[in-house]
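These figures come from a predicted structure and were not determined experimentally.
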Amino acid sequence: MKITILAVGKIKEKYFTDAIQEYSKRLSRYCKLEILEVADEKTPDHASQHEEDLIRAKEGERLRRYIKDGAYVIALAIDGKQTSSEGFADKLHELGVRGESHIIFVIGGSIGLDAGILREAKERMSFSQMTFPHQLMRVVLLEQVYRAYRIINGEPYHK
């Protein structure tokens, strides 16, 4: 299975890039992993709703270029469905059994995802009702994908 993490913005902090590299290495035995970044837009302080919508739309157009036809798209969104690690593992396993060969997880920028991307996604997933920095979400998502594969394969992993 191919897993793509499609995200707005670049990772600048070494501790995040180190964690991403570590989980990418671990995941290489379970799936083909691809991490794609698109440029984020500068958001002015006290931006209006209209300005934020325009920013999300620009970022959404950049993201859309990388969303392949036939891929199963999961948008990370605060209003998405929450699940346990076991439930997430079941979902990945079920998608594989159904023949989905490419899953794209989409992570928005600092003000979230474009409404069009959210509508077009097959589903929305949330890790919490809390807001996390989008850079940290890459690490959390990769860790959970790794954990899911360990669960699917009946391999031990700390709880």
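Interatomic distance, OG1 of T17 versus NZ of K10, reported as 13.0 Å (0.5 Å rounding). For the atom pair CG (L27) and OH (Y146), the distance works out to 8.0 Å, reported to the nearest 0.5 Å. Atom-to-atom distance recorded for I152:CD1 and E86:CD is 11.5 Å, nearest 0.5 angstrom.
In the hydrophobic clustering (ILVMFWY side chains linked at under 4.5 Å, chained through shared members), I104 is joined by L6, V8, L36, V38, L63, Y66, I67, V73, V106, L113, I117, L118.
Hydrophobic clustering (side-chain heavy atoms under 4.5 Å, transitive across Ile, Leu, Val, Met, Phe, Trp, Tyr) groups Y15 together with V140. Hydrophobic clustering of Ile, Leu, Val, Met, Phe, Trp and Tyr side chains at less than 4.5 Å, counting indirect connections, keeps I151 apart from I74. The cluster map of Ile, Leu, Val, Met, Phe, Trp and Tyr, joined by side-chain heavy atoms under 4.5 Å apart, puts L76 and I111 in different clusters.
Taking A115 as the reference, R119 meet the side chain to side chain contact (heavy atoms under 4.5 Å, CB included) condition, with sequence neighbours excluded. Listed by chain and number, the residues in a salt bridge (charged side-chain N to carboxylate O under 4.0 Å, His left out) with D53 are R56 (sequence neighbours excluded). Taking the side chain to side chain contact (heavy atoms under 4.5 Å, CB included) definition, one finds that D79 meets it with A77, R124, sequence neighbours left out.
Residues in residues 128-138 take part in these side-chain hydrogen bond (donor to acceptor under 3.5 Å, both in side chains) pairs, two or more places apart or across chains: E37-R138. For residues 96-107, the salt bridge (charged side-chain N to carboxylate O under 4.0 Å, His left out) pairs, not counting sequence neighbours, are E94-R98, R98-E100.
Of the charged side-chain nitrogens involved, none lies within less than 4.0 Å of a carboxylate oxygen, so that E61 and K58 do not count as a salt-bridged pair.
Remark: of the listed residues Y23, F88, Y30, F88 is the sole one forming a side chain to side chain contact (heavy atoms under 4.5 Å, CB included) with V145.
Y149 and E155 are not linked by any side-chain donor-acceptor pair at a separation below 3.5 angstrom, with hydrogens and angles left out of the test. Side chain to side chain, Q144 and S85 meet the donor-acceptor criterion of an N or O pair below 3.5 Å.
Residue H102 places its NE2 atom among more than 12 non-hydrogen atoms of other residues, nucleotides or ligands, all under 6.0 Å distant.
Between the side chain of E59 and the main chain of E41, a donor-acceptor pair closer than 3.5 Å is present.
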